Amino acid sequence: MKNIHFIAIGGAIMHQLALALQRQGYTVSGSDDEINDPAKSNLAAAGLLPPQFGWDAAKITKNIDAVVLGMHAKGDNPELLAAKALGIPVFSFPQYVYEVSKNKTRVVVAGSHGKTTITSMIMHILKHQGITFDYLVGARVAGFDQSVQLTDAPVIVLEGDEYPASVEEKRPKIFFYHPHISVLSGIAWDHINVFPTYENYCSQFEQYLKGMESGAKVFYNNEDSEVKRVVDVAAGHLSVTPYNTPPFHYEDGTPVLDTAAGAVKVSVFGRHNLLNMQAAIDVCKELGVSEADCYTAIASFTGAARRLEKVKEEKNLLVYRDFAHAPSKLKATLNAVREAYPAHHLVACFELHTFSSLNEQFLSEYAHSMDAADDAVVFFSHHALSMKGLPPLDPSSVKKYFDRADVNVIDDKSALEAAVRKMISAGSAADSKPVFLLLMSSGTFEGIDWNNVSSQ
């Protein structure tokens, strides 16, 4: 299958798969009704940007060996219908990734949170050791030019996603990778638009484990009660190993692992990240890397993009951003900052951006999720609500769900900028502490320039 057409080629990972296949000598084409940067620029540079946006059934010919269908495409897509009429094989993204990695050792990192970080850490260690491998990860990782690589390497490391594979195949993506080694990092209800109840969501991970080949290796978060329950009921046929947060202490805001071989200073902070680190080390040991080499490699890992990523540092001010958007992620990220920077005045700014976070049925899950901050502000845009087809939200209604009397809920971009400026200034003056501004969102806060907002 060397002639591949992508329906919805502009997706963040879809376009990266298209580029990876082109680098391997495949003939690639694609369509989409809207493509934004960075996908637009990346596809244009490779000569893969469609000349016009939109769908065209004429693009589907008998010369095409396979079609890869993105989640963005709908069931009545004319290109999809044309492919079916011609009998051309149609694959969802994960189905096609499996097709091209059938002969590899497949490592899949699954769970509600920590997937990108653990995957990135595994990649970092393997690269540091000079081990050849392929990968798929949902963020930019330092030292890697792209987020999807497909070669003839014997191992592939995959960030697994429980979201549906496509409009044609509505089961979670992780069901299709069939891993030999997997991580189950944590379970906390998410994607309410697909999984309407907590029980329904958790059952997806039970099905994932039950579908794995007998004897496959699973490393699971021993500090997550739901993960342990799922492993107990669904992993009897698997080789399971728990992992925990490794012993550590802080030295001037920097975590130091207390290992049998001595102290190991690392570059990421937060208990949740050290827990992620332990999972990555366990996987790499399973792949043949010694524990000592794992520690040597991980010491230089600085994090994946937008995962507790430093934006700015100057006198009396630190600015970090994080992809946190689910309640459990907010709590973990805020607790990490609070523990690592106890002498700072913590200003937490969170954007409701996902379908779940903007859905009033789900908002009660955020109760007390921002309690660790000295000042807390929640932002949402009416544009995001409109784009997701959700009804309007009232700031006063949102406020009550966070169950924090002084949380500031704002639905205007300019008002948010002004509020954060005031919090930075007032926070420093109030207790003569340096300020730590933590920005948490899977979006962009409507494109706010935080360097400008945080100028002192």
Side-chain angles (χ1 to χ4, degrees), residues 12-14 16-17 20 93-94 97-98 101 104-129 131-151 153-163 172-187 190 205 208 212 216-221 227 243 266-268 270 272-287 289 294 297-298 300-309 322-326 329 332-333 442:
I13 293 293
M14 282 284 281
Q16 287 283 344
L17 176 60
F93 178 94
V97 170
Y98 174 72
S101 62
K104 301 177 186 292
T105 296
R106 293 177 298 282
V107 178
V108 176
V109 181
S112 305
H113 42 72
K115 297 187 293 290
T116 301
T117 299
I118 296 171
T119 306
S120 301
M121 288 173 168
I122 294 169
M123 291 165 57
H124 181 86
I125 294 171
L126 295 181
K127 182 177 181 180
H128 187 277
Q129 290 304 111
I131 295 171
T132 303
F133 65 99
D134 287 342
Y135 55 85
L136 182 159
V137 63
R140 287 184 295 104
V141 179
F144 295 85
D145 295 330
Q146 56 267 341
S147 56
V148 178
Q149 176 170 288
L150 294 171
T151 66
V155 173
I156 187 167
V157 182
L158 301 163
E159 177 180 342
D161 183 355
E162 68 273 22
Y163 207 73
K173 294 184 180 76
I174 51 174
F175 286 16
F176 301 98
Y177 292 137
H178 308 293
H180 303 97
I181 302 169
S182 185
V183 172
L184 188 52
S185 64
I187 298 175
D190 202 356
F205 295 101
Y208 168 65
M212 289 176 61
K217 188 73 178 180
V218 176
F219 297 99
Y220 68 92
N221 180 355
V227 166
Y243 65 90
V266 294
S267 301
V268 294
H272 66 303
N273 275 329
L274 300 183
L275 183 64
N276 292 337
M277 188 176 290
Q278 186 61 57
I281 288 171
D282 286 347
V283 167
C284 290
K285 287 167 61 180
E286 185 72 13
L287 291 171
V289 182
C294 286
I298 206 64
S300 59
F301 177 79
T302 56
R306 297 178 67 186
R307 272 68 179 179
L308 273 177
E309 179 183 32
D322 193 81
F323 198 68
H325 53 83
K329 297 175 186 178
T333 303
S442 59

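All figures in this text were calculated on a predicted structure; none of them were measured in a lab.
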*Asks:* Do I13 and E159 come close enough that some side-chain heavy atom pair is under 4.5 Å?
*Replies:*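 Sidechains of E159 and I13: no contact.
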*Asks:* Could you check whether any side-chain heavy atom of F133 comes within less than 4.5 Å of a side-chain heavy atom of T105, counting everything from C-beta outward?
*Replies:*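 In short, these two side chains do not touch, never coming nearer than 4.5 Å.
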*Asks:* Check the pair M123, Q149 against side chain to side chain contact (heavy atoms under 4.5 Å, CB included), reporting the backbone distance first and the verdict last.
*Replies:* CA-CA 11 Å; M123 291 165 57; Q149 176 170 288; over 6 Å; no
*Asks:* What distance do I281 atom CD1 and N276 atom CG have between them, rounded to the nearest 0.5 Å?
*Replies:*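 One finds 11.0 Å between CD1 of I281 and CG of N276.
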*Asks:* To check you understand the geometry: which heavy-atom pair defines the closest contact between S147 and Q16, and what is its length?
*Replies:*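 That closest heavy-atom pairing would be OG-CG, 3.1 Å.
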*Asks:* Measure across G160 and Y177 and return the closest heavy-atom pair with its distance rounded to 0.1 Å.
*Replies:*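 That would be CA-CE1, 4.3 Å.
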*Asks:* Taking side chain as C-beta onward, heavy atoms only, is F93 less than 4.5 Å from L17?
*Replies:*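 With C-beta onward as the side chain, the pair touches.
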*Asks:* Measure the spacing between CD1 of I118 and CE of M277 and express it to the nearest 0.5 Å.
*Replies:*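 Reported to 0.5 Å precision, the distance equals 11.0 Å.
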*Asks:* How are the rings of F323 and H325 set to each other: parallel, tilted or perpendicular (split at 30° and 60°)?
*Replies:*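 Ring orientation, 0 to 90° scale: perpendicular.
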*Asks:* Rounded to the nearest 0.5 Å, what separates atom OH in Y243 from atom CG in D282?
*Replies:*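 One finds 8.5 Å between OH of Y243 and CG of D282.
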*Asks:* Quick one: pull up CD1 in I125 and OG in S120 and give me the separation to the nearest 0.5 Å.
*Replies:*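 If we round to the nearest 0.5 Å, I125:CD1 and S120:OG are 11.0 Å apart.
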*Asks:* Rounded to the nearest 0.5 Å, how far apart are NE2 of H128 and SG of C294?
*Replies:*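 H128 NE2 to C294 SG: 10.5 Å, rounded to 0.5 Å.
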*Asks:* Relative to the ring of H124, is the ring of F301 parallel (under 30°), tilted (30 to 60°) or perpendicular (over 60°)?
*Replies:*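 Perpendicular, since the angle between the ring planes exceeds 60°.
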*Asks:* Quick one: does F219's side chain get under 4.5 Å of E286's, heavy atoms only?
*Replies:*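 Counting from C-beta outward, F219 and E286 do come under 4.5 Å.
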*Asks:* Do F205 and S112 come close enough that some side-chain heavy atom pair is under 4.5 Å?
*Replies:*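 Yes, at least one pair of side-chain atoms sits under 4.5 Å.
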*Asks:* Is I122 close to C284 at the side-chain level, that is, under 4.5 Å between some pair of heavy atoms?
*Replies:*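 Sidechains of I122 and C284: in contact.
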*Asks:* Enumerate the residue pairs fulfilling salt bridge (charged side-chain N to carboxylate O under 4.0 Å, His left out) with a member in residues 106-115, sequence neighbours excluded, ordered by first and then second residue.
*Replies:*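 Checked against salt bridge (charged side-chain N to carboxylate O under 4.0 Å, His left out) - neighbours excluded - the pairs reaching residues 106-115 are K115-E162.
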*Asks:* Return the minimal non-hydrogen interatomic distance between P179 and A216, and the atom names on each side.
*Replies:*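 What the structure gives for the nearest pair is O-CB, 3.9 Å.
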*Asks:* Going by heavy atoms in the side chains, are I131 and V155 under 4.5 Å from each other?
*Replies:*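 No, every pair of side-chain atoms sits at 4.5 Å or beyond.
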*Asks:* So, does T132 use its side chain to make a donor-acceptor pair with the main chain of A153 at under 3.5 Å?
*Replies:*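 No; judged by distance alone, with no hydrogens or angles, the pair does not exist.
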*Asks:* Is the shortest side-chain heavy-atom distance between T119 and T116 below 4.5 Å?
*Replies:*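 The answer is no; the side chains never approach within 4.5 Å.
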*Asks:* Please give me the minimum heavy-atom distance between Y220 and V227, naming the atom from each residue.
*Replies:*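 Looking at all heavy atoms of both residues, the closest pair is CB-CG1, 3.8 Å.
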*Asks:* Taking V218's backbone N and O only, do any of them form a donor-acceptor pair with S182's side chain (distance below 3.5 Å, no angle check)?
*Replies:*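 Absent.
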*Asks:* Take M121 and V268 through the side chain to side chain contact (heavy atoms under 4.5 Å, CB included) test and state the conclusion after the steps.
*Replies:* CA-CA 11 Å; M121 288 173 168; V268 294; 4.1 Å; yes
*Asks:* Got a second to check how far I156's CD1 is from Y135's OH, nearest 0.5 Å?
*Replies:*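 Here the rounded value is 10.5 Å.
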